[in-house]
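Each residue takes its place number in the sequence, starting with 1. Atoms within a ligand are numbered from 1 in the order they appear, just like the ligands themselves.
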Amino acid sequence: MSKIVTGFSKLSKEEKINWLANNYFSDIEDGITTLNQYISSDKKLQQLHDEFIENTISNFYVPYAIAPNFIINGKPYAIPMAIEESSVVAAASLVAKFWSERGGFHAKVISTIKVGQVHFMYEDSFEKLQLYFNKIKSQLLNATELITKNMRKRGGGIIDIELLDKTTGMDNYYQLYVTFETADSMGANFINSCLEAIARTFNNNEINIVMSILSNYVPECLVRAEVTCKIEEFFDDKPKYYAEKFIQAVQIANVSPYRAVTHNKGIMNGIDAVVLATGNDFRAVAAGAHAYASRSGKYKSLTNAKMENGNFYFWIEIPLSVGTVGGLTKLHPLAKLSLEILQNPSAEELMQIVAVAGLAQNFAALKALTTTGIQQGHMKMHLMNILNQLEANLHEKEIITNRFKGKPVSHNAIAYALHKLRTKA
Ligand code: MEV
């Protein structure tokens, strides 16, 4: 047996598992049982999953939950979230309810432009290159005619192609900077196909194409979501004091990158969970969001808050490239159902929903952090995770949960309490 294999992709699923088990499992039977537990008994569904990626040997489940009672632009939503982290959904649900009693969330899409680039090297003068570009530009657009036909029918397509001189950053480096509208799709395949067709046409002996690829930085595919209330509605007890503390917490994230990363991570808890549940690409969204948070040259908060004229305002502005058609959105049965639960939104409506989920998550985190601290809310779920890890039964869970109500929770303390309970019994 060898830990290095050739032709792995050509093996059957069973052969793949056997090779893996023999070389990498500490307990072969146990490992295989674990893999099999997560295989769907529905053969068609499993085949679908097998074909999403390569070398599939099982499925990795993430809990799928609902945060109800969101009001966005006056419309009610129950938001599906796929996430493994405890407390995120509970927080979203609480915040949804809190703001539904204060006018709900307001969201609007600011712009929907996506970007792709053909990166290339050219050693002669920019003027000469510009002349060639001007001459060939309409041919570049024509080269995408077949690819853009359907997209144009849906209101999308190529907006423009620009030639950019990038030689201040790197010798001989230029770009074709292409802007797109992709209607209700995220558009990654569409953009990349267009770029490759453009690159093939943008061809002469002096141009050396390095690569053609979309950018996941989409600062012009931007959405804003906000909440507002009278300051006295912010909190039952000392509302102005707590609103001030809340705003300070946001300001701290604007001046301290260490804090900003955690602050924005909390926002992404909400964003990624909805992006994943709707079959969208959460890595693309996260990469774009963090880049946007650094657009000033310093990594800052994605949210902002202020008090003005007796009102409290809290808002987020975030680039979100998501789709409601194409990709996995209709292919993954749960993603399809998520979109149905969200009342089959357009991509723009989904951008608003996702931004609201991020804002809600940040609101929950900052409210907890500036009042009770974060651990109080986390402890209940943390306790349940530990009890599950220790394979506690329902009866044991009930007793231990009652015993640890309001008390700090640690793995050791729970293990000890469970041990005592079991040995007493
Ligand atoms: C935990 O996943 C997220 C928080 O740390 C976010 C924050 O600190 O703002 C609670």
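Within ligand 1, the atoms closer than 4.0 Å to a non-hydrogen atom of Lys265 are 1 (C), 2 (O), numbered from 1 in the order shown. Near His263, meaning under 4.0 Å from any of its heavy atoms, are these atoms of ligand 1: 9 (O).
A donor-acceptor pair shorter than 3.5 Å cannot be found between the side chains of Ser410 and Asn412. Side chains of Thr303 and Asn362: a donor-acceptor N/O pair is present below 3.5 angstrom, by distance only. For Tyr174 and His119, the side-chain atoms include no donor-acceptor pair closer than 3.5 Å.
Under 4.0 angstrom from ligand 1, there are no non-hydrogen atoms of Asn362. Contacts with ligand 1 closer than 4.0 Å are made by side-chain heavy atoms of Leu369 only, the backbone lying farther away.
Of the protein's heavy atoms, Thr262 CG2, 3.5 Å lies nearest to atom 5 (O) of ligand 1. The nearest heavy-atom contact from the protein to atom 3 (C) of ligand 1 is Asn269 ND2, 3.6 Å. Looking at atom 1 (C) of ligand 1, its nearest protein heavy atom turns out to be Glu85 OE2, 3.5 Å.
Taking the six-membered ring where the residue is Trp, Tyr61 and Tyr38 present perpendicular rings, their angle passing 60° and hence far from 30°. Taking the six-membered ring for Trp and thresholds of 30 and 60 degrees, Tyr292 and Tyr217 have ring planes inclined between 30 and 60 degrees apart.
For His332 and Phe52, the distance between ring centers is under 6.0 angstrom.
Using a non-hydrogen distance threshold of 4.0 Å, Arg259 registers as a contact of ligand 1.
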